[in-house]
**Q** 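Just passing along the structure, written as structure tokens.
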Number of protein chains: 2
Amino acid sequence: MKPTIYDVAREASVSIATVSKVINNTGRISDKTRKKVLEVMEQLHYQPSVVASALTGKRTYTIGLLIPDLANPFFAEIARYVEDRGNEMGFSLVMCSTDNNSKKEEKYISLLRQKSVDGIILASGFTNDKILKELNKEKFPLALISQDISGLSVDSVTVDDFLAGYQATEHLLTLNHKKIAVIAENSRSSKERIRGYREALQDAKLDYDDNLIVISDSMSDTGKQLADQLLELSDRPTAIICCNNLLAIGAIHSAREKGLILPDELSITGFDDTILATAVEPPLTTVKQPIREMSYQVMDLLIQKIEGKTSTKQKRVLVPKLIIRKSTKALKQ
Amino acid sequence: MKPTIYDVAREASVSIATVSKVINNTGRISDKTRKKVLEVMEQLHYQPSVVASALTGKRTYTIGLLIPDLANPFFAEIARYVEDRGNEMGFSLVMCSTDNNSKKEEKYISLLRQKSVDGIILASGFTNDKILKELNKEKFPLALISQDISGLSVDSVTVDDFLAGYQATEHLLTLNHKKIAVIAENSRSSKERIRGYREALQDAKLDYDDNLIVISDSMSDTGKQLADQLLELSDRPTAIICCNNLLAIGAIHSAREKGLILPDELSITGFDDTILATAVEPPLTTVKQPIREMSYQVMDLLIQKIEGKTSTKQKRVLVPKLIIRKSTKALKQ
DNA sequence: GTGAAAGCGCTAACAT
DNA sequence: ATGTTAGCGCTTTCAC
């Protein structure tokens, strides 16, 4: 059996209280006994049980991370950085892929609560507002990344999606593109990006054409199908803004299948800048979200919440950055 | 405060023992009281605490997954499937990215044990044999995926790497390639793949040339650098086998930088068949590991171990499958 | 069928 | 400076 605090106490000829104190560096212990206890702990390979300690009101030092899909590189990267930061701060991460499914979200949240996680991070795509409100009302430590729920007082770190949309569009505009299409997800961030797109068009005195916007309304719509639609338009767009890299890859496949030369005959931009961006050919021009920075910040925000040393709710908005690669090119006039 | 079993008991006018019994479906409870208790639980939104229940000797229903890097799509996909299977079976997953670093491995394992996880899954790249042996000796539930440690009696599910190497080489041989290089990782699976490669050469009565094998000995060597080396050889290879998709992408970049046309002037194959394989251009010919199947099987193996209904150790070896795409082409004679 | 009580490994008052 | 003790929320004998 694994040794318990009693084993250590007996072996070191002290009480369990004393052992507890040296474990937690609380109370006043003489150097001599501290040394003795430490020795015994070492020798017995004693590891305090966080289960037991959690039961007495302490933390579990575990947090839950809900994302739509761990197999999506964007979320995998978020998860990796959240994990790293958590690890630095002494917290473990339990993974929950929800597939944007309300039922799964609900189930996972309930599970996490049964396991007494100290807090939960919700990533882009969390759809179940009701649960969110409940958690929030109970003052359960919560933080959002890559998503914010307006009208809800939660900590969040997001990127300025409006600006991101604007930047992508402006870049294309600079390259003389006039017919710029958008492939969006059915999400708040996509909506913001579309807003940015419209504003950029407006600033350039260009008309907005509804037909150039396609929104993937389910997980099964692929970027390729959506791009197919767009590229079959009689007066096809010369550039497509894709709201994530997966969609962009689909668009590239579609274009290639139709024999279009990239980027000469069609410019494509993505968002997020994951590992996929440089893997494809041509390497994608994308608006980068500072994934690492964002991930570190949510973790920090959440931990502040957990430790109760947060005064007010924080909504941090980071700025996206246009990374120009080779999937966009000036349109010949 | 969250309601406890006492609250439910009081509200339902029964003892906590009774409540416990209805929660766990143990003992004999009359339908009437069961119904009453269930009602109260519902009404109070009562959720049993797994922390408390774990302390009384039950499971935590949590398992640890150690992988080198969650941001690597191959491991992210493993993690996703392991998570899914675990979730089906009622287990949560805590993520641990080790960066192939012995110290981190050790730290994470120790952490997982403090948290009383029910078992641990180790993925390819686990280097710390000592810990492994210790865990194994203590009969701690353990299972390996995409890696096996010979001479150690642990459950594992792997792919036949020797065969995989053979298949990739044979494919290239069929396409008339004679100078086939290999970019390998410093891992057991790569070594096996190289063995398969040698055997295929031998079967084709071709000589083995040591100079055509490069092994990435650190995480920082990129596929591109390694491929650069190879492609600068006076008598450069006409095909390169890359031991994972990341390396293959690097090789593609290197080739392109040198102005080589793919696959006409250079054939490239990868392994693993992650999302990256179809993202790149040309789409990669790779030897596919059945990631989903493997992940489900480790989880099942581990759960068997945890529930103690496993008699003997199992080493499952699945068979890889060559997926021919467009990164390989017959060599003009 | 149901309940009383001991105990899981630990923390934190409170004594000493 | 150290020890005693009462819980934390639950499971599990063992009575009744």
Side-chain angles (χ1 to χ4, degrees), chain A residues 1-41 44-62 90 110-118, chain B residues 1-41 44-62 90 110-118:
Chain A
M1 280 308 295
K2 277 191 69 173
T4 72
I5 199 171
Y6 287 95
D7 299 319
V8 177
R10 188 180 336 103
E11 220 38 50
S13 319
V14 295
S15 74
I16 60 165
T18 303
V19 177
S20 176
K21 278 168 196 151
V22 349
I23 292 171
N24 300 291
N25 263 303
T26 52
R28 323 147 45 63
I29 301 290
S30 74
D31 283 355
K32 186 151 154 291
T33 47
R34 175 190 312 283
K35 184 156 165 294
K36 175 68 180 164
V37 169
L38 255 12
E39 270 173 28
V40 173
M41 281 170 47
L44 259 43
H45 298 298
Y46 169 73
Q47 310 258 79
S49 154
V50 351
V51 167
S53 117
L55 191 56
T56 66
K58 311 254 305 198
R59 321 238 122 88
T60 53
Y61 292 97
T62 303
S110 153
L111 201 62
L112 290 173
R113 306 212 56 190
Q114 290 191 28
K115 297 202 174 170
S116 306
V117 297
D118 297 331
Chain B
M1 277 309 295
K2 277 191 69 172
T4 72
I5 199 172
Y6 286 95
D7 300 318
V8 177
R10 188 179 338 103
E11 223 35 53
S13 319
V14 295
S15 75
I16 60 166
T18 303
V19 177
S20 176
K21 277 167 197 152
V22 350
I23 292 171
N24 300 291
N25 262 303
T26 53
R28 322 146 44 64
I29 301 290
S30 73
D31 282 356
K32 186 151 154 291
T33 46
R34 175 190 313 284
K35 182 156 165 296
K36 174 71 179 162
V37 169
L38 254 14
E39 268 173 28
V40 173
M41 280 170 47
L44 260 41
H45 298 298
Y46 169 73
Q47 310 259 79
S49 154
V50 350
V51 167
S53 116
L55 190 57
T56 67
K58 311 250 306 197
R59 321 238 123 87
T60 53
Y61 292 96
T62 303
S110 153
L111 202 62
L112 290 172
R113 306 212 56 190
Q114 290 191 29
K115 298 202 173 168
S116 305
V117 296
D118 298 331

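Heavy-atom basis, side chains included; hydrogens, waters and symmetry copies ignored. Since the model is a prediction, treat every value here as computed from it, not as a measurement. Throughout, a chain's letter reflects where its sequence line sits, starting with A, and its residues are numbered from 1.
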**Q** Which part of the nucleic acid, if any, lies within contact of Ser53(A), taking any heavy atom under 4.0 Å across all strands shown: a base, the sugar-phosphate backbone alone, or nothing?
**A** sugar-phosphate
**Q** Need to verify one output field. Residue with the more 5' nearest nucleotide on DNA chain D, Ser30(A) or Lys2(B)?
**A** Ser30(A)
**Q** Hey, what are the protein-to-nucleotides 4-8 of chain C N/O distances that come in under 3.5 Å?
**A**
unit_1	atom_1	unit_2	atom_2	d
dC8(C)	O2	Leu55(B)	O	3.4

**Q** What is the distance, to the nearest angstrom, from the OH atom on Tyr61(A) to the P atom on dC10(C)?
**A** 15 Å
**Q** Without decimals, in angstroms, what is the distance between Met1(B) CE and dG9(D) C1'?
**A** 11 Å
**Q** Would you say the side-chain atoms of Ser53(A) and Thr56(A) include a donor-acceptor pair closer than 3.5 Å?
**A** no
**Q** It should be established whether Thr18(A) places a side-chain nitrogen or oxygen under 4.0 Å from OP1 or OP2 of nucleotide dG3(D).
**A** yes
**Q** For the pair Ile5(A) and Tyr46(A), evaluate side-chain contact (heavy atoms from CB on, under 4.5 Å) and give the outcome as yes or no after the intermediate values.
**A** CA-CA 8 Å; Ile5(A) 199 171; Tyr46(A) 169 73; 3.9 Å; yes
**Q** Checking all strands, does Val19(A) fall into the base, sugar-phosphate, or nothing category for heavy-atom contacts under 4.0 angstrom?
**A** nothing
**Q** Rounding to an integer number of Å, can you tell me how far Arg34(A) CZ sits from dT2(D) C1'?
**A** 13 Å
**Q** Counting side-chain heavy atoms from CB outward, which of dG3(D), dC10(D), dT2(D) is closest to Thr33(A)?
**A** dT2(D)
**Q** Please report the distance, rounded to the nearest Å, between NZ in Lys36(B) and C1' in dG1(C).
**A** 17 Å
**Q** Taking atom P of dG1(C) as reference, at what distance in whole Å does atom NZ of Lys35(B) sit?
**A** 17 Å
**Q** NZ of Lys58(A) versus P of dA13(C): gap in Å, rounded?
**A** 11 Å
**Q** Just by distance, do the side chain of Asn24(A) and the backbone of Lys21(A) share a donor-acceptor pair under 3.5 Å?
**A** no
**Q** Just by distance, no angles: are the side chains of Ser110(A) and Gln47(B) close enough, under 3.5 Å, to form a donor-acceptor pair?
**A** yes
**Q** Once you round it to whole Å, what is the distance between P of dC10(D) and CD of Gln114(A)?
**A** 10 Å
**Q** Nearest whole Å is fine: how far is dG3(D) P from Ile5(A) CD1?
**A** 12 Å
**Q** Taking any heavy-atom pair under 4.0 Å as a contact, classify Thr26(B): base, sugar-phosphate, or nothing.
**A** nothing
**Q** Dump the intermediate steps for side-chain contact (heavy atoms from CB on, under 4.5 Å) on Lys36(A) and Val40(A), then the final yes or no.
**A** CA-CA 6 Å; Lys36(A) 175 68 180 164; Val40(A) 173; 4.3 Å; yes
**Q** Do we see a donor-acceptor contact under 3.5 Å between the side chains of Thr60(A) and Lys115(A)?
**A** no
**Q** Go through the steps for Lys2(A) and His45(A) under the test side-chain contact (heavy atoms from CB on, under 4.5 Å), then give the verdict.
**A** CA-CA 9 Å; Lys2(A) 277 191 69 173; His45(A) 298 298; over 6 Å; no
